[in-house]
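Below is one structure; the comments refer to it alone.
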Amino acid sequence: MTVKLTTKEQINSLLDKYDTFLFDCDGVVWIGNELLPSVKETMELLQQHDKKLIFVSNNSTKSRNDYIHKLNNFGIFNINVDQIVNSAYSTATYIEKVLKLSKTDGKKIWVLGQSGITDELNNKGYQTMTFDDLTKKFPHDELTMDNIDNLIFKDEINCVVVGLDFNTNYLKVGITMQYLLDNNIPFIATNIDSTFPFKNTKLPGAGSIVEIVKFASNREPNAICGKPNNGMMDSILISNNLQKDKTLMIGDRINTDMKFGFNNQIDTLLVLTGIETEERALNEKIITYYTNKLGDIYDLSK
Ligand SMILES: O=C(O)[C@H](O)[C@H](O)COP(=O)(O)O
Ligand SMILES: [Mg+2]
């Protein structure tokens, strides 16, 4: 039975029970570039109680260092890069540790996505190619579908990664598709979120972009690296030596954040500032607690 957080006693029992808090970001900590209410105070409260804070985001548009800067800009400090796990980092880790893609074959990874993905791949020693790189090689009037044959470098690409790209266009998808027509080229998706919470609405998420590429290329991704993928959770649990019964996963989306916790026997807290509604919260057995916003942890503790 999902429990709604409404009292100071409930917050005190959360603080007693859990020593690690896993935070989803979009729709929980912030929406776009707006910090949600009482989040800064909540982080300070948890830090005062010596709790371990880990930020686990499916947003691949930023690198982990970008996340540190974003948190600092919101006045949230004393967070190091090891406390940030996003789908760009888990994708780069998957490619290095599981796919074991060569870094020395002189080839590049084609990325339909933003700098979060290329930064994390480059940090691991992989060369990447994006549409932005083509804009530096070709004049604008040659970046058209009529010139598609000259925009494809099949001998240079050994993998394709698709993630959230706010500047997705037909030609980018068309080029990505050409590489995936070769079934030997791995197709790696960063995450499957259908929507992206922004302002007071929802926009297409990475998962919607992956679906376009999947349908056009008639390929399923060889791997999906973000929540609720267990590989992401395993690396968090192992590298932080976490106890599952002392860990709480806080998120705004049931099919990623809540599944991520539930599938790994970790308690879950759903907040209603992102994708989901109270009605959905009340009808999902995989949710341990729910509340209106993350900042309720601070607001109710007073
Ligand atoms: O479309 C996406 O990639 C996701 O909506 C988004 O970025 C989710 O980020 P999270 O809520 O996991 O921080
Ligand atoms: Mg979210």
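Hydrogens, waters and symmetry mates are skipped; everything else that's a heavy atom, side chains included, is used. For clarity, every value in this text was computed on a predicted model and none was experimentally measured. Numbers here simply count residues along the sequence, with the first being 1.
In this structure, a donor-acceptor pair under 3.5 Å is absent between the side chains of N65 and S63. Judged purely by distance below 3.5 Å, without hydrogens or angles, the side chains of D296 and T291 pair a donor atom with an acceptor atom.
V29 and F196 fall into different hydrophobic clusters, where Ile, Leu, Val, Met, Phe, Trp and Tyr residues are linked whenever their side-chain heavy atoms come under 4.5 Å apart, directly or through other members. Residues L15 and F23 share a hydrophobic cluster, clusters being chains of Ile/Leu/Val/Met/Phe/Trp/Tyr side chains in contact below 4.5 Å. No continuous path of hydrophobic side-chain contacts links Y89 to I68 [ILVMFWY only; heavy atoms under 4.5 Å]. V160 and M177 fall into different hydrophobic clusters, where Ile, Leu, Val, Met, Phe, Trp and Tyr are joined by side-chain heavy atoms under 4.5 Å apart, directly or via other members. Side-chain heavy atoms closer than 4.5 Å link hydrophobic residues (I, L, V, M, F, W, Y) into clusters, and following such links, even through other members, never connects V271 to I287.
The residue from T247, D19, L242 that alone fulfils the side-chain contact (heavy atoms from CB on, under 4.5 Å) condition with K52 is L242. When I54, L46, L269 are each tested for a side-chain contact (heavy atoms from CB on, under 4.5 Å) with F21, only one passes: L46. With K293 as reference, D299 is the one residue of T273, D299, T42, D252 to meet the side chain to side chain donor-acceptor pair (under 3.5 Å) rule. Across F153, F187, W110, a single residue satisfies ring-ring contact (aromatic ring centres under 6.0 Å, His included) together with Y179, and that is W110.
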side-chain hydrogen bond (donor to acceptor under 3.5 Å, both in side chains) assessment of T61 paired with N59: CA-CA 6 Å; T61 63; N59 189 319; 2.5 Å; yes

Stepwise side-chain hydrogen bond (donor to acceptor under 3.5 Å, both in side chains) check, N147 with N150: CA-CA 6 Å; N147 194 33; N150 298 319; 2.4 Å; yes

Full working for side-chain hydrogen bond (donor to acceptor under 3.5 Å, both in side chains) between N230 and N263: CA-CA 8 Å; N230 280 345; N263 290 354; 5.0 Å; no

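The pair K137-E142 does not meet the salt-bridge criterion, since no charged nitrogen lies less than 4.0 angstrom from a carboxylate oxygen. Ionic pairing of K107 and E156 is not present here: no N-O contact between side-chain nitrogen and carboxylate oxygen is shorter than 4.0 angstrom. Between K40 and E44, at least one side-chain nitrogen of the basic residue sits less than 4.0 Å from a carboxylate oxygen of the acidic one, meeting the salt-bridge criterion. With respect to the salt-bridge test (charged N to carboxylate O, under 4.0 angstrom), the residues D24 and K227 qualify. We find that R253 and E276 are not joined by a salt bridge, their nearest charged nitrogen and carboxylate oxygen being 4.0 Å or further apart.
Residues T91 and E120 have side chains not in contact (no heavy-atom distance under 4.5 Å, counting atoms from C-beta outward). Between K70 and W30, the closest side-chain pair of non-hydrogen atoms falls below 4.5 Å. Between L237 and I266, some side-chain heavy-atom pair lies under the 4.5 Å cut-off.
In terms of heavy-atom proximity, A281 sits nearest to L272 at CB-CD2, 4.5 Å.
The 12-atom threshold is exceeded at NZ of K302, counting heavy atoms of other residues, nucleotides or ligands nearer than 6.0 Å.
Ring orientation note: the planes of Y289 and Y18 are nearly perpendicular, at an angle over 60° on the 30°/60° scale.
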